[in-house]
Structures are given as structure tokens and as C-alpha cells.
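These notes are about the structure you will find just below.
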Amino acid sequence: MTRRKRPPRIGIALGSGSARGWAHIGVLRALAREGIEPQIISGCSIGAFVGAVAAAGDTEKLGAWVETLGWQDVVGLMDMGLRGGLLKGDKLMAFFERQFVDRDFTALPHTFGCVATDLHSGHEVWLRDGSVSSAVRASIALPGLMAPTWQDGRLLVDGGLVNPVPVSLARAMGADVVIAVELNSDAVGWAWRNRHPVEAAAEAPSGWSRKLLSRFGINGKQAADAEEGADESLPSMLSVMQSSIAIMSVRIARSRLAGEPADVLISPRLAQLGLMDFHRGAEAIAEGEAAVELALPAIARALGR
């Protein structure tokens, strides 16, 4: 009697990348159109946020919200705090639990896990049980921006410090074929290559940076006054943060992927999106969909189609 070969279990590893992470929605949408539904989802940082929603079966609900997300909506989810990070993260996670995922890992229709970093030891931490919301909160705690969180006696921060594209976790959870989504491949140096020096010198605090400065009692005029006489060759604080995080993420991701390669690597073109451009979700989603279209031949080969 011939034993029937089972189809491969498909895993997807959703990488870190802050606002660029809305591209994961586009990736998942495009795969679904091709009849490809990952049974196993691993995520890091924003990849954990989107991955948890996808594992709950609510990708389209998230996409509909993201595509209508305005700048004022983004600012409204910010709760300022100085203890551990500029943002506390409580308002964001309360919204996440209310609208999307507030359940135990065992209640998810698909296998899901996410990555965080132990701030004391530097160890990679795989979160696969207990509260999904608590796990996501730990994985997205970007140092300096969002406060760390305690879990099981460990102080946890963003998983992007150790494993920005968690292919290893997807395989550990049983994936035979892993599709990885890396969000920062074209981001390093983009701001300097594509920005006119006059624009950089004339940059004034806006949006989320104004809100952060107001936390310190600094209004827009005071910030602009402080810029007078400053070295015009220097970039803004936000630009420095964005570029530094991109460099770190790309270097770590390349190292990890070299030792733990995915079967297919999808890299949406997202350098034009900034760290906090969460209001540009439709653009990010479209780039995710376009990247899948380019990768379809490689995906078909990996799946033996």
C-alpha cells in the first residue's frame, strides 16, 4: 500500500520594521489569493503584531483599519512616559486587545509564536504560551521608544535586537517550508540618498515628534528657535534614529538568515516609509502585495507546485 505524502506545512516569518510592518498585511493577502495559507506564523516586533492578528484569522479586519488610519489616529494611540521609554504602550495594547486579539495562544486557529529579548541577559526569548497580547507587547518594545515589560521574572524588549526575521522559530514550531518577510533590506542610507540638503536643514518638528517634545514642555516655536545656529549638516533626531535602527536590523537579519535561511525570502521596497509612518498603511500594503508577485515563481518551486 502506497503511503500518501502529506503536503508541506507552510510557515511564514514576519520581520521587524516598525511602520513598514503593515506590508505584512499585503504579503498575507497576496498569498491568500494564490491559495497559500501558512499554518505556522512567527513574528518579531511589528511582525508579531500582524502575525498574532493573522493567527486569529483577522487579517482583513486589520487591513481595513490600517488602510483608513490617519495621522491623528496614530498620535491618539500614544501615551507618553519617561520610565523605560518615551511611550508606555498601554493605549496601543488596550486597542489591540479590544479590536483584535485578547486570548490564549492555545485558542488561536493557527500556530503562532513571537520573539522578544531578555534585557538583562541578552538572550532570545520565544513566546508561545499564555496571553497573546502580553507576548506581542513584549516583542514590540523598541528600546528607548516603548517601555520594556516584565514577564515571568524577565524584563523583555523588542525581539529585533536578536532575531529580526524569526525563521528559526517557524521551523521549531513545525514548518517544512518557511517564507520569510524582511522589511529593511533597502532602508540603509535611503534618507541621505534621496533627500535634498535644504529640506534637511529646514526640517521642523512635526507629528509625533511635536507630541514627544511637548512631553518635555517644548512647543514647536521653542524647538524651531533651538534649531537656529545648529549645524545644518546634521540630520534630525528622528532621521538618526531611523537610520540607526535600519542598520542594526539589516546587519542582524543578514547574519541570522545566512545561518538559518528561509526557503523563500520576500523583501518589499519600503525605504520611503519612516519609523512612525503608520498612517501610510495603504502604501505599505501595496508594496507587500507587489513583492509577493515577484516572488511567486520561487514560492511555487519551494512548495513543489
Side-chain angles (χ1 to χ4, degrees), residues 10 12-38 41-54 58-71 73-74 140 142 160 164-167 178-195 207-208 238-239 241-243 245-250 252-254 257 262-300 302:
I10 303 170
I12 190 163
L14 304 178
S16 62
S18 197
R20 297 182 185 115
W22 295 147
H24 291 316
I25 300 169
V27 169
L28 292 165
R29 276 183 180 175
L31 290 175
R33 284 199 297 268
E34 298 297 324
I36 301 168
E37 184 178 5
I41 303 170
S42 65
C44 177
S45 197
I46 188 67
F49 188 103
V50 176
V53 176
D58 286 334
T59 304
E60 283 308 312
K61 181 180 178 183
L62 176 63
W65 175 68
V66 167
E67 287 172 328
T68 60
L69 191 63
W71 182 242
D73 301 314
V74 176
I140 66 173
L142 185 64
V165 188
V167 172
V178 178
I179 300 168
V181 187
E182 203 275 308
L183 303 173
N184 299 300
S185 61
D186 63 336
V188 176
W190 187 90
W192 319 128
R193 293 192 302 270
N194 293 274
R195 198 160 182 205
W208 82 280
L238 181 57
S239 293
M241 285 178 61
Q242 288 181 163
S243 295
I245 291 168
I247 291 168
M248 177 192 73
S249 297
V250 168
I252 298 171
R254 285 177 181 171
L257 289 169
D263 296 282
V264 180
L265 180 62
I266 297 174
S267 300
R269 312 306 289 176
L270 299 162
Q272 71 278 15
L273 298 180
L275 184 72
M276 298 295 288
D277 283 345
F278 290 99
H279 60 297
R280 296 171 66 182
E283 186 178 346
I285 290 171
E287 291 292 348
E289 292 179 308
V292 170
E293 291 298 318
L294 292 174
L296 283 177
I299 294 171

Item checked: Gap between atom CG of Leu270 and atom CZ of Arg280 - 0.5 Å precision -> 10.0 Å
Notebook entry, point to check: When you measure from the side chain of Ser18 to the backbone N and O of Leu275, does any donor-acceptor pair fall under 3.5 Å?
Noted result: yes
Check: Is there side-chain contact between Ile299 and Ile266, with heavy atoms separated by less than 4.5 Å?
Finding: yes
Item checked: Straight-line distance of Ile25 CD1 to Glu67 CD, nearest 0.5 Å -> 7.5 Å
Item checked: Donor-acceptor pair, side chain of Ser267 and main chain of Ser185, under 3.5 angstrom -> no
Margin query: So Ile46 and Ile140, do their side chains get closer than 4.5 Å, heavy atoms only?
Written below: no
Notebook entry, point to check: Taking only residues two or more places apart in sequence, or in another chain, which ones meet Glu289 in a side-chain hydrogen bond (donor to acceptor under 3.5 Å, both in side chains)?
Noted result: Arg33
Check: How far apart are the closest heavy atoms of Cys44 and Pro164, and which atoms are they?
Finding: CB-O, 3.6 Å
Checklist line | Working for salt bridge (charged side-chain N to carboxylate O under 4.0 Å, His left out), residues Lys61 and Asp58 | finding: CA-CA 5 Å; Lys61 181 180 178 183; Asp58 286 334; 5.2 Å; no
Check: Quick one: does Val27's side chain get under 4.5 Å of Ile179's, heavy atoms only?
Finding: no
Item checked: OG1 on Thr59 to CD1 on Ile41, rounded to 0.5 Å -> 7.0 Å
Next item on the list: Determine whether Leu31 and Ile10 make a side-chain contact, defined as any pair of heavy atoms from C-beta on separated by less than 4.5 Å.
Entry: no
Note to self: If you compare all heavy atoms of Ser45 against all heavy atoms of Ser16, which two are closest, and at what distance to 0.1 Å?
What the structure shows: CB-CB, 3.5 Å
Next item on the list: For side-chain contact (heavy atoms from CB on, under 4.5 Å), just list the numbers for Asp73 and Phe278, CA-CA rounded to whole Å, side-chain angles, deciding distance to a tenth of an Å, and then say yes or no.
Entry: CA-CA 9 Å; Asp73 301 314; Phe278 290 99; over 6 Å; no
Next item on the list: Might you point out which heavy atoms bring Val50 and Gly21 nearest each other, and give the distance in Å?
Entry: CG2-O, 3.8 Å
Checklist line | Interatomic distance, Leu69 atom CG to Trp22 atom CH2 [nearest 0.5 angstrom] | finding: 7.0 Å
Item checked: Closest non-hydrogen atom pair, Met276 against Trp71 -> O-CZ3, 3.3 Å
Next item on the list: Indicate the atoms forming the closest heavy-atom contact of Ala295 with Val264, along with that distance.
Entry: CB-CG1, 4.4 Å
Notebook entry, point to check: Do side-chain atoms of Arg20 reach the backbone of Asn184 as a donor and acceptor pair under 3.5 angstrom?
Noted result: no
Notebook entry, point to check: With a 4.5 Å heavy-atom cut-off, do His24 and Ile12 have their side chains touching?
Noted result: no
Checklist line | Heavy-atom closest pair, residues Pro268 and Val181 | finding: CD-CG1, 4.1 Å
Item checked: Residue of the set Val167, Leu265, Leu14 for which side chain to side chain contact (heavy atoms under 4.5 Å, CB included) holds with Glu182 -> Leu265
